[in-house]
Amino acid sequence: MKKIFMSIIFVILICDIGLSAEKSILVTQPAYNSMSFYVYKPANLHKDFYVTYDGYLVYKAENGVWYYGSAEKNGIIKTGYVVGSVIPSIVKLTPYDPKISSVAPIYNPTPKRERRVTPVKKSESEPETVVYVPPAYALEVYDPVNLSPNATDWTKNSNFMAIGKWQKSIDRIGILEKPQTPVAWKSDYPEVIYAWTGLQWRQISARGKNISAISTLRQANYSLTVQTNKLNILRWNDYDSHVLSQYSIMWGYKWLGMILIGREF
């Protein structure tokens, strides 16, 4: 009965925004096993994009994961926000604009690379010396500096912010649900996962090849919980997550949102 009730509500929502049931497409989100949502395809929209029932652009990556787009003044931006990981209005994504045509330019905000002129001594907490600078149009969309007055515990922590320079070791960031702390890694089967303990980034190594990130986090969960409870005075909240999500995009990373060790990405 509950499922039927929710379905009726959803149909009403679709009708309220002027969509017909025939034009609605139900899609599933591989990044969240139990998640599905409706999209539709306006005739004048670029072939790679669809629109959600609440009016935001989305696109499907090669691995089947759905990401948000944003209708900016210069064209459509492909973001690194996984659908379901953020509230699009809070991270300032611009909803679909019917004036955008199928020939609108598509921008993928991949930051440019810059190497430091002055040699920097490598340490465990700073494995990279490559700095990624977001392009101008990305800066117009992602401006976390103006949104982080309450996040100074980590935005001004050099050990924490060093992760923004580790593009060779990281391509995605999220917040582990328990213990609630940021984690980051690269690829679907990472050799190393970085977890914030409150003082530094701990490196968690996979116990073999082709081991998923969730499996590695599950194996290390107890020790990571003990360590963060001792050292991490910051209690991560939704506000911090929204700010970090924007930093992750500026750094060129994907944002995964909340990560449950019982759910595979």
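Numbering of residues begins at 1 and proceeds along the displayed sequence.
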A.B. asks: Within the structure provided, determine whether F37 and W66 are in side-chain contact (heavy-atom separation under 4.5 Å).
C.D. replies: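 They are in side-chain contact.
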
A.B. asks: Over all heavy atoms of both residues, which pair between P98 and N44 is shortest? Give the atoms and the distance, please.
C.D. replies: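 Closest approach of P98 to N44: O-ND2, 2.5 Å.
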
A.B. asks: Please report the shortest heavy-atom distance between Y96 and P42, naming the atom on each side.
C.D. replies: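 Distance-wise, the nearest heavy atoms are OH-CB, 3.4 Å.
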
A.B. asks: Any non-hydrogen side-chain atom of S36 less than 4.5 Å from a side-chain atom of T28?
C.D. replies: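 S36 vs T28: side chains touch.
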
A.B. asks: Tell me whether W185 is reachable from I211 by hopping between hydrophobic residues (I, L, V, M, F, W, Y) whose side-chain heavy atoms are closer than 4.5 Å.
C.D. replies: no

A.B. asks: Tell me the closest heavy-atom pair linking D48 and K78, and the distance in Å.
C.D. replies: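 The pair with the smallest heavy-atom distance is OD2-NZ, 3.8 Å.
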
A.B. asks: Check the orientation of F160 and W201. Use parallel for under 30°, tilted for 30 to 60°, and perpendicular for over 60°.
C.D. replies: tilted

A.B. asks: I'd like to know if the side chain of T181 reaches the main chain of W196, judged simply by a donor and an acceptor atom lying under 3.5 Å from each other, with no hydrogens or angles considered.
C.D. replies: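 Such a contact is found between T181 side chain and W196 backbone.
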
A.B. asks: Ignoring hydrogens and angles, tell me if any N or O in the side chain of S85 forms a donor-acceptor pair with the backbone of Y81 under 3.5 Å.
C.D. replies: no

A.B. asks: Just so I know, are the side chains of Y253 and K186 near enough to count as touching, which here means a heavy-atom distance under 4.5 Å?
C.D. replies: no

A.B. asks: Assess whether side-chain contact (heavy atoms from CB on, under 4.5 Å) is satisfied between V58 and V51, documenting all intermediate values.
C.D. replies: CA-CA 6 Å; V58 294; V51 182; over 6 Å; no

A.B. asks: In this structure, would I175 and M161 fall into the same cluster of hydrophobic residues linked by side-chain contacts under 4.5 Å?
C.D. replies: yes

A.B. asks: Is there a donor-acceptor pair closer than 3.5 Å between any side-chain N or O of Q29 and the backbone N or O of V83?
C.D. replies: yes

A.B. asks: Taking the side chain as C-beta and beyond, is there a heavy-atom pair between Y56 and S89 under 4.5 Å?
C.D. replies: yes

A.B. asks: Can Q246 and W255 be said to form a side-chain contact (heavy atoms from CB on, under 4.5 Å), step by step?
C.D. replies: CA-CA 8 Å; Q246 294 175 85; W255 176 251; over 6 Å; no

A.B. asks: Which heavy-atom pair separates L244 from I173 by the least distance, and what is that distance?
C.D. replies: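 Closest heavy-atom pair between L244 and I173: CD2-CG2, 4.2 Å.
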
A.B. asks: From S241 OG over to Q180 CD, what is the distance, rounded to the nearest 0.5 angstrom?
C.D. replies: 6.5 Å

A.B. asks: Looking only at heavy atoms, which two atoms of A213 and I193 are closest? And how far apart?
C.D. replies: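 A213 and I193 have their closest heavy atoms at O-CD1, 3.4 Å.
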
A.B. asks: Can you check whether R202 reaches S223 side chain to side chain, under 4.5 Å on heavy atoms?
C.D. replies: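 Touching, per the 4.5 Å side-chain cut-off.
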
A.B. asks: What distance do E191 atom CD and Q203 atom CD have between them, rounded to the nearest 0.5 Å?
C.D. replies: 11.5 Å

A.B. asks: Counting C-beta onward and ignoring hydrogens, is there a side-chain heavy-atom pair between L217 and S212 closer than 4.5 Å?
C.D. replies: no

A.B. asks: Just verifying a value: how many Å separate D97 CG and L45 CG, rounded to the nearest 0.5 Å?
C.D. replies: 10.5 Å

A.B. asks: If you compare all heavy atoms of I214 against all heavy atoms of I259, which two are closest, and at what distance to 0.1 Å?
C.D. replies: CD1-CG2, 3.6 Å

A.B. asks: With hydrophobic residues grouped by side-chain heavy-atom distances under 4.5 Å, do V65 and I249 end up in a single group?
C.D. replies: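 Yes.
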
A.B. asks: Do the side chains of V226 and L199 join up, straight or via other hydrophobic residues, at under 4.5 Å, putting them in one cluster?
C.D. replies: no

A.B. asks: What is the ring orientation for Y194 with W166, classed by angle as parallel under 30°, tilted 30 to 60°, or perpendicular over 60°?
C.D. replies: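 It falls in the tilted class, 30° to 60°.
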
A.B. asks: Answer with yes or no whether the hydrophobic clustering places Y189 together with I170; edges join I, L, V, M, F, W, Y residues whose side-chain heavy atoms lie under 4.5 Å apart.
C.D. replies: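 Different hydrophobic clusters.
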
A.B. asks: Is the closest side-chain heavy-atom distance between K165 and W251 below 4.5 Å?
C.D. replies: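 Heavy-atom side-chain distance check fails, nothing below 4.5 Å.
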
A.B. asks: Within this structure, what is the CG-OG1 distance for the pair L176 and T225, rounded to the nearest 0.5 Å?
C.D. replies: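 Reported to 0.5 Å precision, the distance equals 7.5 Å.
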
A.B. asks: How many angstroms lie between atom OH of Y68 and atom OG1 of T52, to the nearest 0.5 angstrom?
C.D. replies: 6.0 Å

A.B. asks: Can you tell me if NZ on K41 sees more than 12 non-hydrogen neighbours from other groups inside 6.0 Å?
C.D. replies: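 Yes, because the 6.0 Å sphere around NZ of K41 holds more than 12 heavy atoms from other groups.
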
A.B. asks: Side-chain contact, heavy-atom cut-off 4.5 Å: Q219 with I204?
C.D. replies: no

A.B. asks: Looking at OG of S215 and CG of N210, how far apart are the two atoms once the value is rounded to the nearest 0.5 Å?
C.D. replies: 11.0 Å

